Amino acid sequence: MRQKLMVANWKMHGNLATNKQLLEAYIEKLSPLNYLQVVVCVPYPYLAQAQSMLQNTNIAWGAQNISKDAVGAFTGEVSAAMLKDFGASYVVIGHSERATAYCESDENIATKFMQAQTHGLIPILCVGETLIEREAGVMQMVVAKQLDTIINLYGAAVFANAVISYEPIWAIGTGLAASAEQAQSMHEFIRGRIAKLDQAAAASLKILYGGSVNPQNAVQLLVMQDIDGGLIGKCSLNAQEFEGICRAAA
Ligand code: PGA
């Protein structure tokens with residue numbers, strides 16, 4: 001059995017004072033839930049705060065992006081090693097909000113994925129299709145291409161120590177989550193594609209679902225065989241709602 005994983009993606013929200021409150025509530029409400037791993041991905045400036053507040057808890061922390069380069073003259077970038085310096089263990093890679101706004105190519109995302117692994121961070125690779133692609137019935141093709149860029153460069157074994165988050169772009173922040181069947185079908189497809197190349201990596205790989213998960217729809221999604229947890233945006237900013245989602249993983 002793969003242990004469930006719930007990742008809070010705070011995006012560009014919060015400040016020192018509100019983060020403190022939210023992290024205190026996370027610690028109180030979520031650390032007793034020992035049947036799942038909870039991770040919070042904070043904006044860069046708050047990594048030190050996450051580290052100091054979470055270091056003696058069972059809640060892990062991470063960031064929402066890294067540079068594709070290891071070190072050098074890259075103004076404004078943050079490296080994987082810098083995240084490690086703040087005790088981070090996870091990093092979101094290729095979130096569609098970034099990929100679209102900052103024109104990140106699949107190749108770029110693959111390089112970041114490898115940067116994370118090289119520096120001992122677990123990459124949470126986001127994949128998913130647009131509404132137009134879903135309506136055209138090409139969603140599996142789109143996701144396959146996103147996966148294959150990494151597989152072709154580094155092999156399928158890299159997924160043994162990674163997380164994939166299936167995030168249909170039409171479901172992110174829209175209040176319109178994928179149905180449990182739609183999500184399960186894509187998760188099964190993703191696991192199957194990796195299993196063809198590396199059965200062990202596919203079996204241990206955690207595949208999260210992200211996109212308008214809330215305490216009401218969480219159970220339906222999380223009972224599906226290939227859904228190993230969630231990447232939670234909006235509802236992770238409210239400790240009670242996030243707790244509701246985490247409890248659904250039981
Ligand atoms: P949402 O965001 O939960 O607000 O839809 C999910 C995500 O962006 O990962």
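Not measured: the values here are computed from a predicted model. Counting starts at 1 for both ligands and their atoms, following the listed order. For this chain, numbers begin at 1 and follow the sequence in order. Values reported hereafter were calculated over all heavy atoms of this structure, with side chains retained and with hydrogens, waters and symmetry mates removed.
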Which ligand 1 atoms does [X] reach within 4.0 Å, using its non-hydrogen atoms?
X: G211; answer: 5 (O), 6 (C)
X: S212; answer: 1 (P), 3 (O), 5 (O)
X: I172; answer: 2 (O), 5 (O), 7 (C), 8 (O)
X: L231; answer: 6 (C), 9 (O)
X: K234; answer: 1 (P), 3 (O), 4 (O)

Distance in Å, D106 CG paired with K145 NZ, rounded so as to fall on 0.5 Å steps: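 Those atoms lie 4.0 Å apart.
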
Donor-acceptor contact present, side-chain Q220 to main-chain A180, <3.5 Å: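 Judged by distance alone, no pair lies under 3.5 Å.
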
Ligand 1 N/O within reach of G173 N/O, cut-off under 3.5 Å: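 Indeed, backbone or side chain, G173 has an N or O that close.
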
Geometric N/O contact T174 with ligand 1, under 3.5 angstrom: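 No; every N/O pair is 3.5 Å or more apart.
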
Any donor-acceptor N or O pair under 3.5 Å, side chains E167, H95: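 On atom types as modelled, these side chains qualify, holding a pair under 3.5 Å.
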
Salt bridge E241-K234, side-chain N to carboxylate O under 4.0 Å: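 Between K234 and E241 there is no salt bridge, as every charged N stays at least 4.0 Å from the carboxylate O atoms.
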
salt_bridge(D228, R191) N-O dist < 4.0 Å: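 Salt bridge between D228 and R191, a charged N being under 4.0 Å from a carboxylate O: yes.
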
Derivation of the ring-ring contact (aromatic ring centres under 6.0 Å, His included) call for F159 and F113: CA-CA 10 Å; F159 287 107; F113 181 99; 5.6 Å; yes

Qualifying residue, where the test is side chain to side chain donor-acceptor pair (under 3.5 Å) with N65 and the options are E77, E97, K112: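 Single side chain to side chain donor-acceptor pair (under 3.5 Å) partner of N65 among E77, E97, K112: K112.
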
Among all the protein's non-hydrogen atoms, which is closest to [atom], and how far away is it?
atom: atom 3 (O) of ligand 1; value: G233 N, 2.9 Å
atom: atom 7 (C) of ligand 1; value: H95 NE2, 3.4 Å
atom: atom 2 (O) of ligand 1; value: K11 NZ, 3.2 Å

